[in-house]
Amino acid sequence: MTSVDNYPYEYLINESQSLISRLQQVKPFSMTMPMVKGASISSKALNEIVGLLEKGKKEIHLSITQFIEKVNIAKQQQKGSNELQTGFTIQKLRYNSILDQLDIFADVLSQRGEHDVGIWLAGLDVLAEDGLEVCKNHFDIPPLMVFLERGHGAAIRRARTRLPGGDENPVAVIQIPRQRMVGSGIASSLIHEVGHQAAEGMELTKGIRIELGNKMQSATKNKVAWKYYERWISEILADCWAMGHLGISATLGLMGVVTLPKYFQFRLDLDDPHPAPYVRVKLSCAFGKALFPNQQWDKLWQMWQIFYSTDDLPADKKAILTMLDEEEKNFVQLVLSYKSDSLKGKQLGQIFPYAERQPVQLQTLFQQWKIDTNLMESASPTMVFAVLGQAKFDQTINAVEENKILTQQLRNWAYNRK
């Protein structure tokens with residue numbers, strides 16, 4: 001029977017062994033994934049995740065084993081056990097952080113077992129990868145994987161940021177709202193989040209923010225406008241990324257997200273990195289008009305103004321909106337013409353595939369695809385969403401037809417994935 005004096009040591013040893021025992025029950029995802037092959041994440045993403053978790057398991061197993069040896073030595077020497085309890089607490093916190101990291105990825109992978117949904121998500125992985133294709137010569141593109149979540153908006157846990165346990169996240173995990181499946185608007189949300197990864201990977205946000213700060217300092221008027229643009233630049237860059245790939249589909253999708261009561265449309269808050277929805281839609285149209293010159297942007301913006309009139313706004317908000325309007329063209333030009341070492345001599349706007357995605361070209365492709373649907377198979381995923389988004393704006397396709405086509409395309413992309 002354990003003596004009273006030895007009981008604290010035996011307790012810590014037993015609890016530590018319990019951690020090891022439970023840790024051994026944590027199986028690699030390759031042994032537990034519920035999905036069919038077509039719904040799986042990419043091999044690169046799976047290898048990165050498995051490698052991260054196995055490394056963490058080995059480290060904590062070794063650390064706990066060494067801690068048990070330390071307790072045994074302390075027991076023999078009858079050293080104080082209170083410091084050992086502190087050490088055990090640290091071991092347990094690290095153990096829990098490993099499981100927290102596992103759960104982040106387990107939540108993503110478990111959805112791949114849902115009928116149809118898993119295949120759609122694999123197709124959306126391919127769409128997300130296509131949204132970073134233009135970056136392949138500019139930075140090391142990480143693996144990506146997509147999952148669904150309740151709520152209204154999308155989000156990203158970027159690769160190379162810190163996970164709960166302090167480890168570097170090896171995979172970009174993109175959350176999109178379940179209620180947007182399946183329609184062209186989902187591409188707007190998804191490529192927006194991809195844009196966040198691209199902007200940070202090429203350090204665009206940091207560089208453009210510096211230029212905006214300089215602009216604010218040197219401005220002789222409308223300093224407030226530049227202050228707002230500087231605060232909002234991260235989200236605006238992500239919207240710009242979606243626009244550069246999707247054309248008017250990006251704005252239509254954005255409108256679907258920010259269709260909110262009027263009070264929220266005009267919340268001009270410098271503590272919020274998101275532009276006021278009204279301004280965000282206006283900027284989307286402005287970037288669209290710069291990249292894809294066409295009267296359609298005026299038509300779309302006029303509709304939004306009918307939905308959300310500024311006539312009854314307080315004078316101070318009207319004044320800020322006026323300043324933003326006056327600097328809008330200068331701001332759009334500053335962003336699209338931005339150059340940095342990561343862009344390798346190109347302007348930001350020049351890396352987007354907008355030349356072959358002008359409205360007339362998208363309309364022509366849609367008519368060709370109606371005659372021969374096989375032609376669609378050779379198009380990139382972002383091109384498919386750009387064409388269907390344009391057709392949706394032109395009202396040459398309805399929501400039912402769009403859903404049917406996109407559902408099949410997601411399945412095709414998942415099936416053909418390498």
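From a predicted model like this one, the values you see are computed outputs, not experimental measurements. Numbers for residues simply follow the sequence, beginning at 1.
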| message | Tell me which one of Phe264, Phe307, Trp301 satisfies ring-ring contact (aromatic ring centres under 6.0 Å, His included) with Tyr278. | response | Trp301
| query | Under 4.0 Å between a Lys/Arg side-chain N and an Asp/Glu carboxylate O for Glu149 and Arg178? | reply | no
| said: Is there a side-chain contact between Arg160 and Pro142 in this structure, where contact means two heavy atoms from C-beta onward sitting under 4.5 Å apart? | reply: yes
| query | Any Lys/Arg nitrogen of Glu129 or Arg417 sitting under 4.0 Å from an Asp/Glu carboxylate oxygen of the other? | reply | yes
| message | Ignoring hydrogens, what is the shortest heavy-atom contact between Pro277 and Leu260? Give both atom names and the distance. | response | CG-CD1, 4.2 Å
| task | Could you tell me whether the side chain of Glu401 reaches within less than 4.5 Å of the side chain of Lys404, counting heavy atoms only? | result | no
| task | Mind running side-chain contact (heavy atoms from CB on, under 4.5 Å) on Leu163 and Ile104 for me, showing each step along the way? | result | CA-CA 9 Å; Leu163 291 165; Ile104 289 171; 4.0 Å; yes
| field | Which atom of Phe385 lies closest to which atom of Ser249, heavy atoms considered | value | O-OG, 3.6 Å
| request: Would you give the length of the straight line joining atom CD1 of Ile60 to atom CD1 of Ile20, rounded to the nearest 0.5 angstrom? | output: 9.0 Å
| said: Using side-chain heavy atoms (C-beta onward) and a distance below 4.5 Å, is Leu121 in contact with Leu410? | reply: no
| said: We want to know whether Glu10 and Asn14 form a side-chain donor-acceptor pair, criterion being a heavy-atom distance below 3.5 angstrom. | reply: no
| task | Flag yes if more than 12 heavy atoms outside Gln395 fall under 6.0 Å of its CD atom; otherwise flag no. | result | no
| message | Go through it in stages, so that I can follow the logic: the residues are Met243 and Ser284, the test is side-chain contact (heavy atoms from CB on, under 4.5 Å), and I'd like the CA-CA distance, side-chain angles, deciding distance and then a yes or no. | response | CA-CA 7 Å; Met243 174 58 65; Ser284 181; 3.5 Å; yes
| Atom CG of Leu300 and atom CG of Asn294: how far apart are they, to the nearest 0.5 Å? | 11.0 Å
| request: Kindly indicate, with the supporting measurements, whether the criterion side chain to side chain donor-acceptor pair (under 3.5 Å) is fulfilled by Ser340 and Glu203. | output: CA-CA 9 Å; Ser340 68; Glu203 298 187 335; over 6 Å; no
| task | Using a cut-off of 6.0 Å, state whether more than 12 heavy atoms not belonging to Lys227 lie near its atom NZ. | result | no
| query | Which value, rounded to the nearest 0.5 Å, describes the distance between Ile13 atom CD1 and Glu69 atom CD? | reply | 10.5 Å
| field | Step-by-step side-chain contact (heavy atoms from CB on, under 4.5 Å) determination, Gln175 to Phe147 | value | CA-CA 5 Å; Gln175 166 192 316; Phe147 78 108; 3.5 Å; yes
| request: Kindly indicate whether the side chain of Phe292, heavy atoms from C-beta on, has any atom under 4.5 Å from the side chain of Ile248. | output: no
| Is the shortest heavy-atom distance from the side chain of Phe287 to the side chain of Val335 under 4.5 Å? | yes
| query | Counting only heavy atoms not in Glu168, do more than 12 sit closer than 6.0 Å to its CD atom? | reply | yes
| message | Less than 4.5 Å apart, side chain to side chain, heavy atoms only: is that true for Ile156 and Arg158? | response | yes
| said: Whether the Thr382 and Asp130 side chains hold a donor-acceptor pair (N or O, under 3.5 Å, no angle test) is what I'd like checked. | reply: yes
| request: State which residue, out of Lys215, Lys223, Arg209, Lys206, fulfils the salt bridge (Lys or Arg N to Asp or Glu O under 4.0 Å) condition with Glu230. | output: Arg209
| message | Under the criterion side chain to side chain donor-acceptor pair (under 3.5 Å), I'd like the reasoning laid out for Asp394 against Thr396: C-alpha separation, chi angles, the key distance, then a yes or no. | response | CA-CA 5 Å; Asp394 296 334; Thr396 53; 5.0 Å; no
| Any chance CZ of Arg267 has more than 12 other-residue heavy atoms, nucleotides or ligands included, within less than 6.0 Å? | no
| task | Of all the heavy-atom pairs spanning Trp226 and Ala219, show the shortest one and how long it is. | result | CD1-CB, 4.1 Å
| Heavy-atom pair of closest approach, residues Val384 and Trp369 | CA-CH2, 4.0 Å
| request: Answer whether the closest heavy-atom distance between the side chains of Asp125 and Leu144 falls below 4.5 Å. | output: no
| query | Quick one: do Glu54 and Lys57 make a salt bridge, cutoff under 4.0 Å? | reply | yes
| query | How far does CD of Gln368 sit from CG of Asn374, to the nearest 0.5 angstrom? | reply | 13.5 Å
| task | Say whether, by atom type as modelled, one donor and one acceptor occur between the side chain of Gln361 and the main chain of Gln358 under 3.5 angstrom. | result | yes
| message | Check this for me: does any side-chain nitrogen of one of Asp312 and Lys318 sit under 4.0 Å from a carboxylate oxygen of the other? | response | no
| message | Salt bridge or not between Asp272 and Arg231? Use side-chain N to carboxylate O under 4.0 Å. | response | no
| message | Under a 3.5 Å distance rule, please check whether Ser188 uses its side chain to pair with a backbone N or O of Gly185 as donor and acceptor. | response | no
| query | Hey, is CG on Asp316 packed in by over 12 heavy atoms from elsewhere, all under 6.0 Å? | reply | yes
| task | For atom CD of Glu83, decide whether the heavy atoms of other residues, nucleotides or ligands shown that lie under 6.0 angstrom number more than 12. | result | no
| said: Applying side chain to side chain donor-acceptor pair (under 3.5 Å) to Asn398 and Glu402, what does each step give before you reach the verdict? | reply: CA-CA 6 Å; Asn398 61 41; Glu402 177 194 61; over 6 Å; no
| query | When you measure from the side chain of Thr161 to the backbone N and O of Arg157, does any donor-acceptor pair fall under 3.5 Å? | reply | no
| said: When you compare the side chains of Gln91 and Ser16, does any donor N or O come within less than 3.5 Å of an acceptor on the partner? | reply: no
| said: Tell me the closest heavy-atom pair linking Ala414 and Ala122, and the distance in Å. | reply: CB-CB, 3.7 Å
| said: Looking at Gln347, is its backbone amide N or carbonyl O close enough to the side chain of Gln350 to form a donor-acceptor pair, meaning the two atoms are under 3.5 Å apart? | reply: yes
| request: Give the C-alpha distance, both sets of side-chain angles, the deciding distance and a yes or no for side-chain contact (heavy atoms from CB on, under 4.5 Å) between Leu388 and Met383. | output: CA-CA 9 Å; Leu388 293 182; Met383 175 65 92; over 6 Å; no
| said: Distance check, rounded to the nearest 0.5 Å: Ile41 atom CD1 versus Phe105 atom CZ? | reply: 8.5 Å
| note | When rounded to the nearest 0.5 Å, the distance separating CG of Asp325 from NZ of Lys282 is 4.0 Å
| Considering all heavy atoms, the nearest Leu237-Ala199 contact | CD1-CB, 4.3 Å
| query | Name the one of Tyr338, Tyr228, Tyr229 that satisfies ring-ring contact (aromatic ring centres under 6.0 Å, His included) with Phe331? | reply | Tyr229
| message | Set out, in order, the CA-CA distance, both residues' side-chain angles and the distance that settles side chain to side chain donor-acceptor pair (under 3.5 Å) for Asn330 and Glu327, then state yes or no. | response | CA-CA 5 Å; Asn330 293 330; Glu327 300 298 338; 3.2 Å; yes
| task | Identify whether NZ of Lys or CZ of Arg in Lys289 sits under 6.0 Å from the centre of the six-membered ring of Trp297 and within 45° of that ring's axis. | result | no
| query | When you check the gap from the basic side-chain N to the acidic O, do Arg162 and Asp167 get nearer than 4.0 Å? | reply | no
| Side-chain contact, heavy-atom cut-off 4.5 Å: Met303 with Met255? | yes
| said: Looking at Lys55, I'd like to know if its NZ atom is crowded, meaning that more than 12 non-hydrogen atoms belonging to other residues, nucleotides or ligands lie closer than 6.0 Å. | reply: no
| request: Specify whether Trp241 and His245 have parallel, tilted or perpendicular ring planes, treating 30° as the upper limit for parallel and 60° as the lower limit for perpendicular. | output: tilted
| message | More than 12 heavy atoms of other residues, nucleotides or ligands under 6.0 Å from CZ of Arg94: yes or no? | response | yes
